[in-house]
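Taking it in order: structure first as structure tokens, then the write-up.
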Protein chains: 2
Amino acid sequence: MLLQNRPGDTVTAAHDRLYRALRQQVMHGELAPGQPLTLRGLAKTFGVSMTPAREAVRRLAAEGALTISSSGRVTTPELSNERIEEMASIRALLEPELASRALPRAHFALIERLQAINAANAEAVAKQDAVAYIRTNLEFHRTLYLRAQAPAMLAIAETVWLQLGPTMRALYGRLRRNEPPQHHRMILAALKAGDEPGLRLAIRTDVTQGLRHLTS
Amino acid sequence: MLLQNRPGDTVTAAHDRLYRALRQQVMHGELAPGQPLTLRGLAKTFGVSMTPAREAVRRLAAEGALTISSSGRVTTPELSNERIEEMASIRALLEPELASRALPRAHFALIERLQAINAANAEAVAKQDAVAYIRTNLEFHRTLYLRAQAPAMLAIAETVWLQLGPTMRALYGRLRRNEPPQHHRMILAALKAGDEPGLRLAIRTDVTQGLRHLTS
DNA sequence: GCGGGTGATTTGTGATCACATTTACCAATG
DNA sequence: CATTGGTAAATGTGATCACAAATCACCCGC
């Protein structure tokens, strides 16, 4: 991962580089739930001082990507079962709407790209690569929802994914799944058919099913 | 407003005091859209140094309560009509769900409190006090949704209110409305009757109607 | 009157330091 | 062996400073 500005790069603020790198790590499940982080540690890792590290951490904490204890300690979030179920409800509420809005704009080129992402996802399953699985899974959804032309709604969905990142890692790392997501095929079929109710149902089922296993 | 810790107070971090004070100002429409803020100005106003001011601003920017330009300048957000409509859609999606979940737990004491808040709201209308109008209006919704036992969903709804704060100020300051919100009475009636579809519709209408006027 | 350029001021960014609190470690004691 | 006590290390917080970039104000020339 590129962390330093190099000559010719557009200069990005240090706090922003740190924010983006950490955000991706959290969202893709590269950090376990409850993982402690320190400002000095992050600063040293990224070759900056504590100041930009603090700003990045505050920003991520505001998005729910990190938790700050009453004494100021920073960790990745450990979600209760209730919270996980609530997050699943939110996904089940937002994402069918995003998919519906994307449906009239989903032409063949988009479906083709979704199929390619799905193939990469299946490959991640075969390799038992949890991080790649989560990444391609989210990429599948984001690619579709980008067509919805609803940036604020998509941003909310992404903060939900963020908060679920570490938990998803724990989930998919635990139950070594061997089957690629069957619901993605249903989503693709509904997209091709222009079937809005079917699409909503397929999305709802897809986002709900994975989390159910963890709350048992 | 109390901004300094006094002996006997539980010590709250400076950045957190500043965050809460600013957040309330933005959410309640005390700041106009596009209002510029400076780190040194905020720090001086709150009697602290730039460091906690920066942290509070980053946090608020992450929630969409403030906008940071490419050069780092901080302002309250100026929403496009498209963005306002999207925000209304999000409210129309989330808030009926929150109300539905609150419905089975809405006993008489809650309805009584809602009526009291509604009376304060009507008073704000009579006094042409836009800030008090927005504050009591949001308090009405938050009091109901708190019963939904869905903290993450409520938090998302609040970030939407936050982003709309300055715009609501501009809206309600412009069209000097003389009538108290008639939809709140429908909401209360549906609550008393235990009528879930009616409640969902009343909420949806209430959150949608106000914003429609701005996008014309 | 009006546009462009130049210097002064304002402003955000990042580093460093001092301080208070929390946490971790380890030994002494029961 | 578990528990308690104290000491040392680690950690977050806030202030201050230096720096660069952006912005603003003023003035000159047209």
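Not measured: the values here are computed from a predicted model.
Within the nucleic acid shown, B:L42 has no heavy atom closer than 4.0 Å to any nucleic acid atom. Among the atoms of the strands shown, only primed sugar atoms or phosphate atoms (P, OP1, OP2) are found under 4.0 Å from some heavy atom of B:S71. Backbone-only contact: A:L37 has heavy atoms under 4.0 Å from sugar-phosphate atoms and none from a base.
Between A:P52 and B:G72, the residue whose closest nucleotide on DNA chain C is further toward the 5' end is B:G72.
Side-chain atoms of B:S89 and A:R101 include a donor-acceptor pair closer than 3.5 Å. Side-chain contact check for A:T208 and A:R91: no donor-acceptor pair (N or O, by modelled atom type) lies under 3.5 Å. A donor and an acceptor atom, one from each side chain of A:H15 and B:R58, are located under 3.5 Å apart.
With hydrogens and angles ignored, a donor-acceptor pair closer than 3.5 Å exists between the side chain of B:R40 and the base of C:dG12.
When distances are taken from the side chain of A:T38 to each of D:dG12, C:dA15, C:dT13, the shortest belongs to D:dG12. For A:L39, the side-chain atoms get nearest to D:dG12 when compared with the rest of D:dA15, D:dG12, C:dA15.
Relative orientation of the A:H184 and A:F140 rings is parallel, given thresholds of 30° and 60° on the angle between their planes.
Contacts with DNA chain C (heavy atom under 4.0 Å) in residues 53-66 of chain A: none are found.
An OP1 or OP2 oxygen of D:dG14 is reached within less than 4.0 angstrom by no side-chain nitrogen or oxygen of B:T51.
Here D:dG14 presents its P atom at 14 Å from CZ of B:F46, a figure rounded to the nearest Å.
Between B:D16 and B:R59, at least one side-chain nitrogen of the basic residue sits less than 4.0 Å from a carboxylate oxygen of the acidic one, meeting the salt-bridge criterion.
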